[in-house]
Asker: 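Input: one structure, supplied below.
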Amino acid sequence: MGSNEPVSKPFPSKESITPFWRTELHELDDHRTTEELPESCDILIIGAGYAGITAAYHLLCNEETAPSAKPSVVLLEARQACSGATGRNGGHLRPSVYSRLTKWIKKYGLEAAEELAKFEFDHIRAVADVVKKEKIDCDFKLSRSFDIHTEPEVAAAAKKDYLELKKAGIAKTTIDDIVFTDGDDAEQVSGVKGCVACVETSAGQVWPYKLMMGLLSRAVSQGLNLQTHTPCTSITPSPITAGKWIATTPRGTITASKTIIATNGYTSALLPEYSTKIYPAKGICCRIVCPPSFTPPKLSSTYVLRLGNGSGDYLIQREDGSIIVGGARPNYISNTSSWLSNTDDSTLIPNAASYFDTYMQDNFAGWEESGAYVERIWTGIMGYNADENPSVGEVPGRDGMFVAAGFEGHGMPVIFLTMKGVAEMVGRGKRFEETGIPRMYKTTRERLESDYNVLVRGEGK
Ligand SMILES: Cc1cc2nc3c(=O)[nH]c(=O)nc-3n(C[C@H](O)[C@H](O)[C@H](O)COP(=O)(O)OP(=O)(O)OC[C@H]3O[C@@H](n4cnc5c(N)ncnc54)[C@H](O)[C@@H]3O)c2cc1C
């Protein structure tokens, strides 16, 4: 399975590898609020990952909607709650403000680029606030994060970009957050061997499954009807009531006034017009631990390590000293079918697993004698975009149907506020432009009809 050809019907695979985050399951993991699928609802959400769960949360747990005015909301999930990319990711909440800003400015212009940067940056505070407000025990931690460069030419280009952005006073709130270190100090400051430049920014880390299940729990307590193990196999206009949608599942049908498709890389199974826009893309992540005889050094920051050959490994250290690290792109990226258009998270990616075997010993000062080893390794399916931006908003030509998908390997600093905006559109009739969601995310007919495709033809990459 997998290639740069679109998949005809990408549904979640039945089996999947258990990621570290899903080793402590919540009571709602397999939950069905009602034994039978309800016949109808006001708002139907499909997909219980970060996007679907936060859509439900924002629809039902906001203070603006009076309890009597709350819509009836049903959430369908093909497998267990939070068993897709969200339950399998790196737990890294890291706005890519500095590393992407120059490219965004060139591609989209200054205003749209700054909007994207600020939106990501705002997620650190937004997630911190909701964790506190809802008192969710999810190991959330604010931190600093290092972007590590080991190749002198790449580091020099990064510095040039940084100085230009700084001189121009661009994205004031975000650029002021950046500390750039290069030369002899870089290794010492970052703790990474061979580092020639490091860029420090604000970030966060979290146990993603626990965060999501905390929010899901709140939404269920406010009336959400959760139906796990209920894949939606198709969604069609109601022949009886104009403007309504009928979702078909193996357990029967459900009619909804409005629907939110939050199915990530699997979106084109329900919305074929996205088959060359959002592709399933398999990623790999692992947990590294040390034998009890060795106390792992504390890492004060999180990391993205650019170690050459197109790598961009993401890494956090948990309170227990263990490391969650994912990436490994150099080991598999040229074998397209092993990851692109691939929906199989029940297997690893060939050649990628061994990438992490001595990762800490090889790259981090003080870990040489650690005996650190991969304790658990897993894969997950992301939604990659032909034009590198998520698709969010009302689906062109399908009134009352909304999509929020294609968050790539970068949903954590993007989805929470996106879904707040989607909930405002769906629940309160706001226009996309009134929600604060970056304009580049808006799903439009023009984007759907565009031939631009970085995944198939490598444009822009
Ligand atoms: C290995 C890996 C590491 C990552 N690391 C990071 C990281 O450190 N930081 C970061 O920001 N991002 C990371 N990401 C990306 C991030 O996890 C995603 O962007 C984000 O979780 C997407 O959330 P989602 O709700 O859109 O998708 P998902 O979490 O995949 O949720 C979609 C849900 O829809 C369900 N579904 C699909 N089709 C149907 C259907 N027809 N009927 C019913 N249900 C359906 C699926 O089962 C799934 O539960 C990583 C991803 C992976 C795979």
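Whatever order the structure lists ligands and atoms in, that order sets their numbers, starting from 1. Please read all numbers here as calculations on a predicted model, not as lab measurements.
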Asker: Hey, which atoms in ligand 1 end up nearer than 4.0 Å to a heavy atom of Gly283?
Answerer: 1 (C)
Asker: Could you find the nearest protein heavy atom to atom 3 (C) of ligand 1 and give me its residue, atom name and distance?
Answerer: Tyr314 OH, 3.0 Å
Asker: Please determine if Ala85 has a nitrogen or oxygen closer than 3.5 Å to a nitrogen or oxygen of ligand 1.
Answerer: yes
Asker: Find all atoms of ligand 1 within a distance of less than 4.0 Å from any non-hydrogen atom belonging to Gly380, and give their numbers and elements.
Answerer: 53 (C)
Asker: Using a 3.5 Å cut-off on N or O atoms only, is Asn264 in polar contact with ligand 1?
Answerer: yes
Asker: Against heavy atoms of Phe407, which atoms of ligand 1 measure under 4.0 Å?
Answerer: 19 (O), 26 (O)
Asker: Check each atom of ligand 1 against the heavy atoms of Gly90 and keep those under 4.0 Å away; list them by number with element.
Answerer: 3 (C), 4 (C), 5 (N), 6 (C), 7 (C), 8 (O)
Asker: At what distance is the nearest protein heavy atom to atom 1 (C) of ligand 1, and which residue and atom is it?
Answerer: Arg88 O, 3.5 Å
Asker: N/O of Tyr266 under 3.5 Å from N/O of ligand 1, yes or no?
Answerer: no
Asker: Under a 4.0 Å N-O cut-off, is there an ion pair linking Glu388 with Arg100?
Answerer: no
Asker: According to ring pair (Phe, Tyr, Trp, His ring centres under 6.0 Å), does anything in residues 204-238 pair up with another residue at least two apart or in another chain? List the pairs.
Answerer: Phe20-Trp207, Trp21-Trp207
Asker: Considering heavy atoms of the protein only, find what lies nearest to atom 14 (N) of ligand 1 and give residue, atom and distance to 0.1 Å.
Answerer: Asn89 CB, 3.5 Å
Asker: Hey, is Gly326 one of the residues with a heavy atom under 4.0 angstrom from ligand 1?
Answerer: no
Asker: Which heavy atom in Thr302 sits nearest to a heavy atom in Ser143, and how many Å separate them?
Answerer: CG2-OG, 3.5 Å
Asker: Can you say whether the rings of Phe416 and His123 are parallel (under 30°), tilted (30 to 60°) or perpendicular (over 60°)?
Answerer: perpendicular
Asker: Hey, which atoms in ligand 1 end up nearer than 4.0 Å to a heavy atom of Pro413?
Answerer: 11 (O)
Asker: Among Val74, Leu75, Ile254, find the residue that satisfies the side chain to side chain contact (heavy atoms under 4.5 Å, CB included) test when tested with Asn225.
Answerer: Val74
Asker: Look at the side chain of Asn309 and the backbone N and O of Ser311, then say whether any donor-acceptor pair between them is shorter than 3.5 Å.
Answerer: no
Asker: Considering only heavy atoms, which of Ile284, Ile316, Thr86, Ile381 lies nearest to atom 23 (O) of ligand 1?
Answerer: Thr86
Asker: Where is the tightest heavy-atom contact between Ile53 and Met212, given as atom of each residue plus distance?
Answerer: CG2-O, 3.6 Å
Asker: Who passes ring-ring contact (aromatic ring centres under 6.0 Å, His included) against His149, sequence neighbours left out?
Answerer: none
Asker: Please work out whether any backbone atom (N, CA, C, O) or any side-chain heavy atom from C-beta onward of Phe11 is under 4.0 Å from ligand 1, and answer side chain, backbone, both or neither.
Answerer: side chain
Asker: Regarding ligand 1, does Gln80 bring an N or O atom to under 3.5 Å of one of the ligand's N or O atoms?
Answerer: no
Asker: Out of Glu408, Met382, Gln227, who gets a non-hydrogen atom closest to atom 18 (C) of ligand 1?
Answerer: Glu408
Asker: Check if Ala262 has a non-hydrogen atom at a distance under 4.0 Å from any atom of ligand 1.
Answerer: yes
Asker: If we only consider heavy atoms of Gly409, is any one of them less than 4.0 Å away from an atom in ligand 1?
Answerer: yes
Asker: One thing to verify: whether Asp161 and Lys103 come together as a salt bridge, which I'm taking to mean a side-chain N less than 4.0 angstrom from a carboxylate O.
Answerer: no
Asker: Taking the inter-plane angle between the rings of Trp339 and Tyr332 on a 0 to 90° scale, is it parallel (under 30°), tilted (30 to 60°) or perpendicular (over 60°)?
Answerer: perpendicular
Asker: With only distance considered, is Leu270 within less than 3.5 Å of ligand 1 through an N or O on each side?
Answerer: no
Asker: State plainly whether the residues Arg306 and Asp147 are in salt-bridge range, i.e. N to O under 4.0 Å.
Answerer: yes
Asker: For atom 43 (C) of ligand 1, grab the closest protein heavy atom and report residue, atom and distance to one decimal in Å.
Answerer: Ala78 N, 3.2 Å
Asker: What atoms of ligand 1 come closer than 4.0 angstrom to any heavy atom of Tyr50?
Answerer: 23 (O), 25 (O)
Asker: Can any side-chain N or O of Glu134 pair as donor or acceptor with the backbone N or O of Leu211 at less than 3.5 Å?
Answerer: no
Asker: Per the side chain to side chain contact (heavy atoms under 4.5 Å, CB included) rule, which among Leu340, Asn335, Thr336 passes with Ser338?
Answerer: Asn335
Asker: Among all protein heavy atoms in this structure, tell me which lies nearest to atom 42 (N) of ligand 1, with the distance rounded to 0.1 Å.
Answerer: Cys232 N, 2.9 Å
Asker: Within the distance-only criterion (no hydrogens, no angle test), does the side chain of Thr358 pair as donor or acceptor with the backbone N or O of Gln361 below 3.5 angstrom?
Answerer: no
Asker: How far is atom 48 (C) of ligand 1 from the closest protein heavy atom, and which atom is that?
Answerer: Glu77 OE1, 3.5 Å
Asker: Determine, considering heavy atoms only, which of Leu93, Ile415, Thr267, Thr263 sits nearest to atom 38 (N) of ligand 1.
Answerer: Thr263
Asker: Under 4.0 Å between a Lys/Arg side-chain N and an Asp/Glu carboxylate O for Lys420 and Glu424?
Answerer: yes
Asker: Hey, is Asp387 close enough to Lys107 for a salt bridge, meaning N to O under 4.0 Å?
Answerer: no
Asker: Consider salt bridge (Lys or Arg N to Asp or Glu O under 4.0 Å). Of Arg125, Lys132, Lys133, which one does Asp129 pass it with?
Answerer: Arg125
Asker: Hey, is ligand 1 close enough to Thr230 that some N/O pair sits below 3.5 Å?
Answerer: no
Asker: Taking distance alone, with N or O pairs closer than 3.5 Å, would you say Met412 contacts ligand 1?
Answerer: yes
Asker: Nearest to atom 34 (O) of ligand 1, what protein heavy atom do you find, and at what distance?
Answerer: Gly47 CA, 3.2 Å
Asker: Give the residue, atom name and distance (to 0.1 Å) of the protein heavy atom nearest atom 9 (N) of ligand 1.
Answerer: His92 O, 2.8 Å
Asker: Please step through ring pair (Phe, Tyr, Trp, His ring centres under 6.0 Å) for the pair Tyr303 and His92, ending with a clear verdict.
Answerer: CA-CA 9 Å; Tyr303 290 85; His92 204 180; 8.9 Å; no
Asker: For Gly91, take its heavy atoms, then give the atoms of ligand 1 lying under 4.0 Å from any of them.
Answerer: 8 (O)
Asker: Measure Ala51 to ligand 1 on non-hydrogen atoms and call it side chain, backbone, both or neither using the 4.0 Å cut-off.
Answerer: both
Asker: Which of the atoms of ligand 1 are close to Pro231, meaning less than 4.0 Å from one of its heavy atoms?
Answerer: 42 (N), 43 (C)
Asker: Do any N/O atoms on Ile46 end up under 3.5 angstrom from N/O atoms on ligand 1?
Answerer: no
